[in-house]
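Worksheet: the structure to be examined is printed underneath.
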Amino acid sequence: MCRVLAYVGPELPLASLLLEPENSLINQSLDPERHPHLQLAGWGFAAYGEHMCKPETPLIYRRPTAAFHDDNVPGIVPSLQASTMLAHVRAAAYDSKTVLADENCHPFSFTGTPWIIAQNGNLANWQLLQRELLKHCKDKFLKQMKGTTDTEFLYVLLLSLLKGNSDDEVQEGFETMLKLIVQAMKTLELGALNKLKIALVAPNRIIGVNCGTGHKGELEVEGDWKALRKSDPDSDDYALSMLLEPMYLLTGRNYLKHKKSYEVDACPDAEATSAIFASEALTEKHEEWMRIEFGELVAIERQGETITKRVKQMNL
């Protein structure tokens with residue numbers, strides 16, 4: 001299972017997000033709690049900061065090595081600070097077909113758009129589905145694709161479908177993309193489970209999406225993910241549990257007051273100054289994390305000193 005971590009809020013040392021928490025994203029790649037395997041296929045992060053020379057352009061770092069074994073981390077991360085961040089640990093099949101390269105590590109960033117992307121998921125048979133989906137892709141984004149991953153292709157497809165960058169327009173883009181994928185699967189008779197747990201990030205904004213299709217390509221999928229998680233890790237039920245599992249959102253104040261932790265001071269929504277969107281709840285107080293359930297989208301934005309959020313059911 002890949003892991004995603006996005007932050008928006010006051011500018012703070014990047015080490016407080018990536019290194020210092022006891023269950024930091026880098027430590028999760030070595031000691032995962034909700035997946036039977038280590039994450040060895042690479043990692044990366046993107047950071048925006050008001051004090052960077054180009055505050056509207058993400059600083060991108062990606063490396064195709066295990067995050068916990070990256071000898072660049074101690075020298076780079078403690079020197080950076082950010083007010084918006086997107087980080088990702090890549091999980092991939094342990095076989096010769098997996099291409100380990102910078103170009104296949106998340107996040108992905110193209111010119112001509114404010115959005116960068118990272119995903120915890122997969123689009124099955126995506127190379128074959130391209131026969132139906134490429135006609136919806138714009139050349140200006142296709143020309144920027146460098147790697148061999150489904151996430152980068154989804155990025156191309158989504159950007160090509162966006163009519164604008166408002167929350168509603170981005171939601172419509174995701175909905176259209178998923179419907180086109182389902183139609184392509186039907187046309188090519190390639191029904192399969194697809195898990196699309198995506199973080200789309202721009203300066204001071206996060207849009208998190210939790211959607212996908214069941215084993216036959218159906219959009220309406222039901223089940224108790226916790227009960228299904230008890231299945232054999234190689235079973236269809238286990239895969240379904242990962243599809244239905246929520247994404248998680250934590251909002252609050254005074255992040256830096258809580259050393260070596262992702263904790264914040266709880267407060268009313270109107271007083272929150274920071275937000276963390278993640279693949280799993282990262283503190284012991286799981287009840288403080290809002291669950292973004294399967295079929296939902298959350299839009300988070302920093303406006304001045306405070307955070308706004310909207311959670312919407314996707315129209316599928």
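Residues: numbered from 1 along the sequence shown. All values derive from a computational prediction rather than experimental measurement. Worth knowing before you read on, the calculation uses all heavy atoms, side chains too, and leaves out hydrogens, waters and symmetry mates.
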Practice task
Might you work through the side-chain hydrogen bond (donor to acceptor under 3.5 Å, both in side chains) test for Ser83 and Glu11, ending with a clear yes or no?
Solution key: CA-CA 4 Å; Ser83 55; Glu11 194 166 83; 4.5 Å; no
Please indicate whether [X] has more than 12 foreign heavy atoms, meaning atoms of other residues, nucleotides or ligands, lying under 6.0 Å from its [atom1].
X	atom1	answer
Gln303	CD	yes
Lys260	NZ	no
Glu287	CD	yes
His69	NE2	no
Glu271	CD	yes
Gln313	CD	yes

Exercise for the section: Determine, step by step, whether Trp225 and Leu243 satisfy the side chain to side chain contact (heavy atoms under 4.5 Å, CB included) criterion, reporting the C-alpha distance in whole Å, the side-chain angles of both residues, the deciding distance to 0.1 Å, and the verdict. Expected result: CA-CA 8 Å; Trp225 73 269; Leu243 171 69; over 6 Å; no
Could you check whether any side-chain N or O of [X] sits under 3.5 Å from a backbone N or O of [Y], counting only pairs where one atom can act as donor and the other as acceptor?
X	Y	result
Gln130	Gln127	yes
Ser24	Glu20	no
Tyr255	Leu12	no
Ser160	Val156	yes
Glu301	Arg205	no
Glu175	Asn315	yes
Asn204	Ala202	no
Ser235	Asp232	yes
Thr306	Thr273	no
Glu152	Lys146	yes

Just wondering, do [Y] and [X] contact through their side chains at under 4.5 Å, heavy atoms?
X	Y	answer
Leu282	Leu5	yes
Val73	Leu18	no
Pro21	Ser261	no
Leu162	Trp115	yes

Exercise for the section: Walk me through it: do Thr283 and Glu288 pass the test side-chain hydrogen bond (donor to acceptor under 3.5 Å, both in side chains)? Expected result: CA-CA 9 Å; Thr283 67; Glu288 293 184 353; 5.1 Å; no
Handout entry: Geometric cation-pi criterion Arg291 and Tyr248, 6.0 Å radius, 45° cone
Key = no
Check this for me: does any side-chain nitrogen of one of [X] and [Y] sit under 4.0 Å from a carboxylate oxygen of the other?
X	Y	answer
Asp224	Arg229	no
Glu50	Arg302	yes
Glu189	Lys186	no
Glu172	Lys163	yes
Lys226	Glu245	no
Asp70	Arg63	yes
Lys312	Asp168	yes
Glu280	Arg3	yes

Practice task
Output the distance between atom CE (Met145) and atom CZ (Phe108), rounded to the nearest 0.5 Å.
Solution key: 8.0 Å
Practice task
May I ask whether Ile300 and Leu86 are part of the same hydrophobic cluster, defined by side-chain heavy atoms of I, L, V, M, F, W, Y residues being less than 4.5 angstrom apart, directly or through others?
Solution key: yes
Is it the case that [X] and [Y] place a side-chain donor and acceptor less than 3.5 Å from each other?
X	Y	value
Thr149	Asn104	no
Lys197	Asn210	yes
Asn23	Tyr262	no

Exercise for the section: Just say parallel, tilted or perpendicular for the rings of His88 and His106, cut-offs at 30° and 60°. Expected result: parallel
